[in-house]
Amino acid sequence: YERFGQPALPAVVSRANSAGCHAELGLFAEGRALGDEGLRIAEAAAHPVSLMIAFWGLGLLALRQGDLQRALPRLERAVDLCQDADLASWFPRMAAPLGAAYTLAGRVADAWPLLTQALAQTTAMARVDFQARCRLPLGEVQLMAGHLEEAQTLANQALTHARVHQEHGHQAYALRLLGATFVNAFPSRVLNIHPALLPSFPGLHAQRQALEHGVRFSGATVHLVDTQ
């Protein structure tokens with residue numbers, strides 16, 4: 001495998017990125033196979049930057065799956081390799097998912113400084129591609145700490161950025177975070193009203209579905225909304 005003048009082996013980078021893409025689609029087994037293959041290539045080459053990226057890809061996949069036992073050691077290894085090699089330009093990319101994993105694990109004290117540093121470096125480098133990646137997990141930390149205004153600000157900033165740069169995946173994550181900030185601002189006071197007796201006729205056009213099925217009785221379902 002050749003580097004072709006790149007900082008890491010393209011064979012590893014492509015597999016790590018593919019693992020992340022598969023994770024977003026919920027294709028975890030397929031993504032893990034690609035990520036594992038990339039890691040084997042990086043280990044055989046004994047190339048630290050390639051190893052960093054391989055661990056990042058596998059850690060990100062495990063994070064998206066909610067498997068913190070797998071995610072944390074891989075993402076921590078990626079950040080360690082990044083810092084050992086003094087790769088400041090790569091730090092935000094490595095640190096953002098690790099901060100998100102710390103947040104999911106309830107380790108706010110570890111996530112906060114890591115994500116704050118990642119966002120500061122991203123801003124200092126004027127890296128357009130890392131803005132939403134850093135603001136969204138930092139917003140999650142603010143939300144968990146009960147700082148709703150700060151979380152909402154970060155979510156809005158990420159959403160605006162994602163819309164301008166057509167980062168559709170980040171738009172979705174930003175909207176989810178905005179929803180969570182709203183629900184947390186009004187605990188046990190946000191209601192959802194569905195115009196059918198669930199579980200019958202979920203989704204759109206519930207009344208039309210009820211009429212088409214000829215039911216004799218219908219109604220509405222009301223439930224409290226939470227972040228789950």
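Bear in mind that the values here come from a model prediction, so they are computed numbers and not experimental data.
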Side-chain donor/acceptor of H194 to backbone N/O of P199, under 3.5 Å
no

Distance check, rounded to the nearest 0.5 Å: L224 atom CG versus R189 atom CZ?
11.5 Å

Inter- and intrachain pairs under side-chain hydrogen bond (donor to acceptor under 3.5 Å, both in side chains), touching residues 92-107, at least two apart:
N17-R93, E76-Y102, R107-D110

Does Q142 form a side-chain contact (heavy atoms from CB on, under 4.5 Å) with M144? I'd like the steps, not just the answer.
CA-CA 5 Å; Q142 297 280 17; M144 181 171 283; over 6 Å; no

Hey, are the side chains of Q65 and R32 touching, using non-hydrogen atoms and a 4.5 Å cut-off?
yes

Under a 4.5 Å side-chain heavy-atom rule over Ile, Leu, Val, Met, Phe, Trp and Tyr, are L61 and V12 clustered together?
no

Counting only N and O atoms by type, is there a donor-acceptor contact under 3.5 Å from the side chain of T160 to the main-chain atoms of Q157?
no

Whether the side chain of H47 engages the backbone of S50 through a donor-acceptor N/O pair (distance < 3.5 Å, no angle test) should be reported.
yes

State plainly whether one hydrophobic cluster holds both F130 and L115, where clusters connect Ile, Leu, Val, Met, Phe, Trp and Tyr through side-chain heavy atoms under 4.5 angstrom apart.
no

Could you see if L81 belongs to whatever hydrophobic cluster contains V49? Use Ile, Leu, Val, Met, Phe, Trp, Tyr and a side-chain cutoff under 4.5 Å.
yes

Using the rule that Ile, Leu, Val, Met, Phe, Trp and Tyr join whenever any side-chain heavy atoms are under 4.5 Å apart, tell me whether L72 and L104 fall into a single cluster.
yes

Side-chain donor or acceptor of R64 paired with backbone N/O of L60 under 3.5 Å:
no

Beyond-backbone contact of W90 with P7, side-chain heavy atoms, under 4.5 angstrom:
yes

Just by modelled atom types, is the P195 backbone N or O under 3.5 Å from a matching donor or acceptor in the Q207 side chain?
no

Taken to the nearest 0.5 Å, the spacing of I193 CD1 from T221 OG1 works out to 10.5 Å

To the nearest 0.5 Å, what is the distance between CG on L27 and OG on S18?
11.5 Å

Whichever hydrophobic residues join L143 through chains of side-chain contacts under 4.5 Å
L136, L148, Y173, L177

With a 4.5 Å cut-off on side-chain heavy atoms, are R15 and D36 touching?
no

Given the rule in the side-chain contact (heavy atoms from CB on, under 4.5 Å) test, do D80 and M52 qualify, once you have shown the distances and angles that lead to the verdict?
CA-CA 8 Å; D80 286 344; M52 173 189 75; over 6 Å; no

To the nearest 0.5 Å, tell me how far L154 CG sits from Q131 CD.
11.0 Å

Shortest non-hydrogen separation from L114 to G99 and the atoms involved
CD2-N, 3.7 Å

Please tell me if the side chains of V128 and H161 come closer than 4.5 Å, counting only heavy atoms from C-beta onward.
yes

Ignoring hydrogens and angles, tell me if any N or O in the side chain of T122 forms a donor-acceptor pair with the backbone of P92 under 3.5 Å.
no

Of all heavy-atom pairs between A196 and S218, which one has the smallest distance, and what is that distance?
CA-OG, 4.4 Å

Side-chain contact test, heavy atoms from C-beta onward, threshold under 4.5 Å: evaluate it for F28 versus D67 and give yes or no.
no

Do L191 and H223 touch side chain to side chain, with heavy atoms closer than 4.5 Å?
no

Taking the side chain from Q209 and the backbone from L204, do they hold a donor-acceptor pair closer than 3.5 Å?
yes

All heavy atoms of A54 vs all of A42, minimum pair found to be CB-CB, 4.3 Å

For the residue pair P187 and N184, what are the closest heavy atoms and their distance?
CD-O, 3.4 Å

Are V13 and L75 co-members of a hydrophobic cluster defined by side-chain heavy atoms under 4.5 Å apart?
yes

Rounded to the nearest 0.5 Å, how far apart are OG of S14 and CD of E37?
8.5 Å

Can E167 and H170 be counted as having a side-chain donor-acceptor contact under 3.5 angstrom?
yes

Please walk me through it: do L211 and F201 pass side-chain contact (heavy atoms from CB on, under 4.5 Å)?
CA-CA 10 Å; L211 290 171; F201 315 124; over 6 Å; no

Provide the closest heavy-atom pair for H22 versus L34 in the form atom of the first, atom of the second, distance.
CE1-CD1, 3.5 Å

So, taking the atom named CD1 in I41 and the one named CG in L51, what distance separates them when rounded to the nearest 0.5 Å?
11.5 Å

side-chain contact (heavy atoms from CB on, under 4.5 Å) assessment of Q117 paired with F91:
CA-CA 9 Å; Q117 181 184 352; F91 179 79; 3.6 Å; yes

Check the angle between the aromatic planes of H147 and W112 and answer parallel, tilted or perpendicular using the 30° and 60° thresholds.
perpendicular

Looking only at non-hydrogen atoms, find the nearest pair between P137 and A100 and report the distance.
CB-CB, 4.1 Å

